[in-house]
Visitor: 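Before I ask anything, let me first share the structure, which is written out below as structure tokens.
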Amino acid sequence: MPSQSQNTSNQSAPILDDDEVQRFQRMATEWWDATGKFRPLHQIGPARLTFIRDQLVSHFDQSGDAPLSPLADLSVLDIGCGGGLISEPLNRMGAKVTGIDPGDMNVAVAKAHAKSQNLDIDYQTTTVEALADTGAQFDAVVCLEVVEHVPDVAAFIARCITLVRPGGMIILSTINRTVKAYALAIVGAEYILRWLPRGTHQWERFVTPDEMSRALVAAGMEPGAFAGMVYNPLTDTWSLHDSDTSVNYLAAATRPSS
């Protein structure tokens, strides 16, 4: 197993890993195949969406008269949107969604699928850095299963935060750097069960909750709720867990209003 390493910010390091971008580009046509290479993302989707919905509804006091559109009128940026697996349900919940991805094939798939569903989502082939340079800001930013694929987590998160408006929120999900995560997310998921292509994850790039918190604080955010996602092999389902962040987990943080 690789030796454990600390994620630290290196200002000279690239924020994107082109090899990782191309890896997902090669699988772009399979985003909406719930039994294919992206099956794990389809499976954890309900748990991730529950956490996102609950955090945003609570933070923005969206518990009013629109139970079927709990995110009505919120502007939400989906970083690393891929084929739109999260962008689409967020849009269905009423959010005005912008989805960005550096892979043009991923964005093409996302646009085509959204069109087939009559959904109005602003998909763009661009990077966090390029979008941030335009001065764009959003009520909420979601960045799911992305940070474990970038070479410098702290630098990437700091750039993401510039896209959150004052008083807004960021929600991230990733994999903890533990022996259990190595056994389940790499050995189990990639080599034994073959849920994912081999090489999808690099254990040394996994991020501990403490490292995530430090990166958020360093970027000027106030860390909030953390929740784990736990797999039940008997029911083949994932659920949220308040304290077990030993493998997959989500984190929410807010940007001070001033």
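Quick note: residue numbers are just sequence positions, from 1.
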Visitor: Side chain of His42, backbone of Trp31: donor and acceptor closer than 3.5 Å?
Guide: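 Present.
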Visitor: For Phe206, does its backbone N or O pair with a side-chain atom of Glu148 as donor and acceptor, under 3.5 Å?
Guide: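 No: the side chain of Glu148 does not pair with the backbone of Phe206.
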Visitor: Would Asn248 and Ser173 satisfy side-chain contact (heavy atoms from CB on, under 4.5 Å), going step by step from the backbone distance to the final call?
Guide: CA-CA 7 Å; Asn248 297 76; Ser173 65; over 6 Å; no
Visitor: Kindly indicate whether the side chain of Met93, heavy atoms from C-beta on, has any atom under 4.5 Å from the side chain of Glu88.
Guide: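 No, too far: nothing below the 4.5 Å cut-off.
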Visitor: Taking Ser116 for the side chain and His113 for the main chain, is one N or O donor matched with an acceptor at less than 3.5 Å?
Guide: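 Yes, Ser116 side chain to His113 backbone: donor-acceptor pair under 3.5 Å.
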Visitor: Mind checking whether Leu56 and Ile171 have side chains closer than 4.5 Å, heavy atoms only?
Guide: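 With C-beta onward as the side chain, the pair touches.
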Visitor: Distance only, no hydrogens: is a donor on one side chain within 3.5 Å (strictly under) of an acceptor on the other, for Thr35 and Asp33?
Guide: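 Distance-only check passes for Thr35 and Asp33.
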Visitor: Can Gln62 and Arg53 be counted as having a side-chain donor-acceptor contact under 3.5 angstrom?
Guide: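 Side chains of Gln62 and Arg53: no pair found under 3.5 Å.
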Visitor: Do Leu250 and Met229 pass the side-chain contact (heavy atoms from CB on, under 4.5 Å) test, and can you show the C-alpha distance, the side-chain angles, and the key distance before you say yes or no?
Guide: CA-CA 8 Å; Leu250 298 113; Met229 287 186 286; 3.6 Å; yes
Visitor: Any idea how Trp238 and Tyr231 line up, ring-wise: parallel (<30°), tilted (30 to 60°), or perpendicular (>60°)?
Guide: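 Because their plane-to-plane angle lies in the 30° to 60° range, the rings of Trp238 and Tyr231 count as tilted.
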Visitor: Using the rule that Ile, Leu, Val, Met, Phe, Trp and Tyr join whenever any side-chain heavy atoms are under 4.5 Å apart, tell me whether Leu119 and Trp32 fall into a single cluster.
Guide: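 In one cluster: yes.
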Visitor: Can a donor-acceptor pair be found, under 3.5 Å and without considering hydrogens, that links the side chain of Ser75 to the backbone of Asp139?
Guide: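 Yes, because the side chain of Ser75 sits within donor-acceptor range (under 3.5 Å) of the backbone of Asp139.
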Visitor: Using atom types as modelled and distance alone, determine if a side-chain donor or acceptor of Ser213 lies under 3.5 Å from a backbone N or O of Pro209.
Guide: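 Pair found, side chain donor or acceptor close to backbone of Pro209.
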Visitor: So, does Thr127 use its side chain to make a donor-acceptor pair with the main chain of Ala130 at under 3.5 Å?
Guide: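 Judged by distance alone, yes, a pair lies under 3.5 Å.
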Visitor: Side chain of His59, backbone of Gly167: donor and acceptor closer than 3.5 Å?
Guide: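 Yes, because the side chain of His59 sits within donor-acceptor range (under 3.5 Å) of the backbone of Gly167.
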Visitor: Determine yes or no for a side-chain-to-main-chain donor-acceptor pair under 3.5 angstrom, with Thr178 supplying the side chain and Ser246 the backbone.
Guide: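 Flag set: sc Thr178 to bb Ser246 pair under 3.5 Å.
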Visitor: Do Phe226 and Met212 pass the side-chain contact (heavy atoms from CB on, under 4.5 Å) test, and can you show the C-alpha distance, the side-chain angles, and the key distance before you say yes or no?
Guide: CA-CA 10 Å; Phe226 278 69; Met212 179 72 78; 4.2 Å; yes
Visitor: Going through the distances and angles, do Arg159 and Asp133 end up as a salt bridge (charged side-chain N to carboxylate O under 4.0 Å, His left out)?
Guide: CA-CA 10 Å; Arg159 206 67 167 123; Asp133 287 344; 2.6 Å; yes
Visitor: Is a side-chain N or O of Asn232 found less than 3.5 angstrom from the main chain of Asp236, in a donor-acceptor match?
Guide: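 It does not hold such a pair.
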Visitor: Kindly indicate whether the side chain of Thr98, heavy atoms from C-beta on, has any atom under 4.5 Å from the side chain of Val76.
Guide: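 They are not in contact (no side-chain heavy atoms under 4.5 Å apart), so the answer is no.
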Visitor: Run the side-chain contact (heavy atoms from CB on, under 4.5 Å) test on Met221 and Ile170 for me, step by step, so that the C-alpha distance in whole Å, both residues' side-chain angles and the decisive distance to 0.1 Å come before the verdict.
Guide: CA-CA 9 Å; Met221 300 293 281; Ile170 189 169; 3.5 Å; yes
Visitor: Do Glu211 side-chain atoms and Thr208 backbone N/O form a donor-acceptor pair below 3.5 Å?
Guide: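 Present.
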